[in-house]
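See below for the structure under consideration.
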Amino acid sequence: MTSRATPPPRAPRTPAVLFDLDGTLVDSEPHYYEAGRLTLERYGVTGFTWERHLRFLGIGTRETLEILRREHGIDAPVDELVAVKNRHYLELVRTSAKAFPGMREFAERLLAAGHPVAVASGSSRAAIDAVLEATGLGPLLTVRVSAEEVGRGKPEPDVFLEAARRLGVAPADCVVVEDAAPGVEAARRAGMRCIAVPYAPEGGAPGGVPDGVPGGVPDGAPGGGDGPGGTAPFASAGLLFAGGQREFDAEAAYAWAASGN
């Protein structure tokens, strides 16, 4: 009689959670808008509106400035523009950055249950560190990846793949939390599950993606062109809080992330 050993039961996986920063963990988009407006004014470009800023949600600082530099014929090198914008931004966030309460609760819940967590953002590393320290999230989120540290920004998956590598977790065992369509697309390309919480200004409605910006990618960026707005660009997210932060439920997000479904 041939005996067959029964393999031991597979240990349940503990998914890692990768947070986008701006518009997801913290309401820093107004600061980014003002920093961008001041930067453009310095180089003679006026009339940069909030609506125009929203077209770049989810796109990294460098990629955004490369597009604006080209559109407005700014002679200064992009490295100089990035440095100027970061300087303005850091001055603003150090005194007035605020974390979304539901996201703080979610991060605390994950850590208490032993889930690896990280921040994966299109912002500079200096901006990431400043925002996390200013909001008190620094001790919770010590693994941080900036788009400056990888080859390509969102909607490419590089920043999420690097965060998974640093955590020692396979991409398939990661959940991304995002507010913008380029980040949702980056999660899909990385082979990761995604929770989408579309960004909305305080007191406003989640705008999804502006008309003419498919997947939140502005014209001139990789993948840019014509396309629909609304929540369609978030369709690949496994869990969508269509009402944005007003609708976000930390316990529901935790239950979905931990389920591995």
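In this chain, residues are counted from 1 in sequence order.
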Q. Which heavy-atom pair separates Ala126 from Leu90 by the least distance, and what is that distance?
A. O-CD2, 3.8 Å
Q. Rounded to the nearest 0.5 Å, what separation is found between the CD atom of Glu247 and the CZ atom of Phe241?
A. 7.0 Å
**Q.** Minimum side-chain heavy-atom gap Asp20-Val177 below 4.5 Å
**A.** no
Q) Less than 4.0 Å between a side-chain N and a carboxylate O, is that true for Lys98 and Asp27? A) no
Q) Which atom names give the shortest non-hydrogen contact between Gly122 and Ala147, and what distance separates them? A) CA-CB, 3.7 Å
Q. When rounded to the nearest 0.5 angstrom, what distance separates CD1 in Ile59 from CZ in Arg55?
A. 11.0 Å
Q: Could you tell me which non-hydrogen atom of Leu81 sits nearest to which non-hydrogen atom of Thr39, and how far apart they are?
A: O-CG2, 4.0 Å
Q) side chain to side chain contact (heavy atoms under 4.5 Å, CB included) between Val175 and Ile195: does it pass, once the steps are laid out? A) CA-CA 7 Å; Val175 176; Ile195 298 172; 4.0 Å; yes
**Q.** Flag side-chain contact, heavy atom, 4.5 Å: Pro116 against Thr14
**A.** yes
Q: Decide yes or no for Thr24 and Tyr199: does some side-chain heavy atom of the first lie under 4.5 Å from some side-chain heavy atom of the second?
A: no
Q. So if you build clusters from Ile, Leu, Val, Met, Phe, Trp, Tyr with side-chain heavy-atom gaps below 4.5 Å, do Leu65 and Leu38 land together?
A. no
Q.
Measuring from atom CG of Asp129 to atom OG1 of Thr142, what distance do you get when rounded to the nearest 0.5 angstrom?
A. 11.0 Å
Q: Could you tell me if the ring centre of Tyr32 sits under 6.0 Å from that of Tyr89?
A: yes
Q: Kindly say whether Trp256 contributes a backbone atom to a donor-acceptor pair with the side chain of Ser259 at under 3.5 angstrom?
A: yes
Q) Phe48 vs Tyr33 aromatic rings, parallel, tilted or perpendicular, using cut-offs 30° and 60°? A) parallel
Q | Criterion side chain to side chain contact (heavy atoms under 4.5 Å, CB included) on Val45 and Ile74, from CA distance to verdict | A | CA-CA 9 Å; Val45 179; Ile74 299 171; 4.1 Å; yes
(Q) Can you list everything that forms a salt bridge (Lys or Arg N to Asp or Glu O under 4.0 Å) with Arg165? Sequence neighbours excluded, please. (A) Glu162
**Q.** Heavy-atom closest contact (Phe106 atom, Ala257 atom, distance)
**A.** CZ-CB, 4.5 Å
Q.
So that I can tick it off, tell me whether Arg69 and Asp75 are bridged by a salt bridge, with the cut-off set at under 4.0 angstrom between side-chain N and carboxylate O.
A. no
Q. Do Ser123 and Asp22 get their side chains close enough for a donor-acceptor pair, meaning under 3.5 Å?
A. yes
Q. Taking the side chain from Ser124 and the backbone from Ala127, do they hold a donor-acceptor pair closer than 3.5 Å?
A. yes
Q) How many angstroms lie between CD in Glu71 and CG in Leu40, if you round to the nearest 0.5 Å? A) 10.0 Å
Q: Verify ring-ring contact (aromatic ring centres under 6.0 Å, His included) between His115 and Tyr254, making sure each step is shown before the conclusion.
A: CA-CA 10 Å; His115 290 266; Tyr254 176 79; 5.4 Å; yes
Q.
Testing the basics here: between Ala181 and Phe234, what is the closest heavy-atom pair and its distance to 0.1 Å?
A. N-CE2, 3.6 Å
Q) Are the side chain of Thr95 and the backbone N or O of Leu92 linked by a donor-acceptor pair below 3.5 Å? A) yes
Q: Hey, could you give me each pair passing salt bridge (Lys or Arg N to Asp or Glu O under 4.0 Å) that has a residue in residues 37-50? Not counting sequence neighbours.
A: Glu34-Arg37, Arg37-Glu41
Q) So, Arg104 side chain and Thr135 main chain: donor-acceptor pair closer than 3.5 Å or not? A) yes
**Q.** Residues in side-chain contact (heavy atoms from CB on, under 4.5 Å) contact with Ser146, at least two apart in sequence or another chain
**A.** Arg125, Ile128, Glu148, Glu149
Q. Just how far is it from atom CG of Leu25 to atom CG of Leu132, taken to the nearest 0.5 Å?
A. 7.0 Å
Q.
Can you confirm whether Pro15 sits close enough to Arg193 that some side-chain heavy atom of one is under 4.5 Å from a side-chain heavy atom of the other?
A. yes
Q.
Quick check: do Phe19 and Leu141 have side-chain heavy atoms less than 4.5 Å from each other?
A. yes
Q | Close side-chain approach of Arg152 and Pro157, heavy atoms under 4.5 Å | A | yes
Q. Who pairs with Arg189 by salt bridge (Lys or Arg N to Asp or Glu O under 4.0 Å), at least two apart in sequence or on another chain?
A. Glu156, Glu185
Q) Between Glu178 and Lys154, is there a side-chain N and carboxylate O pair less than 4.0 Å apart? A) yes
Q) Is any side-chain N of the basic residue among Arg144 and Glu133 closer than 4.0 Å to the acidic one's carboxylate O? A) yes
Q: Tell me who clusters with Val143, hydrophobic residues only, linked when side chains sit under 4.5 Å apart either directly or through other members.
A: Leu18, Val145, Val150, Val159, Phe160, Leu161, Leu167, Val169, Val176, Met192
Q: Starting at CG of Leu137, measure out to CD of Glu108 and round the result to the nearest 0.5 Å.
A: 8.5 Å
**Q.** Residues that Glu91 engages under side chain to side chain donor-acceptor pair (under 3.5 Å), provided they are two or more places apart
**A.** none
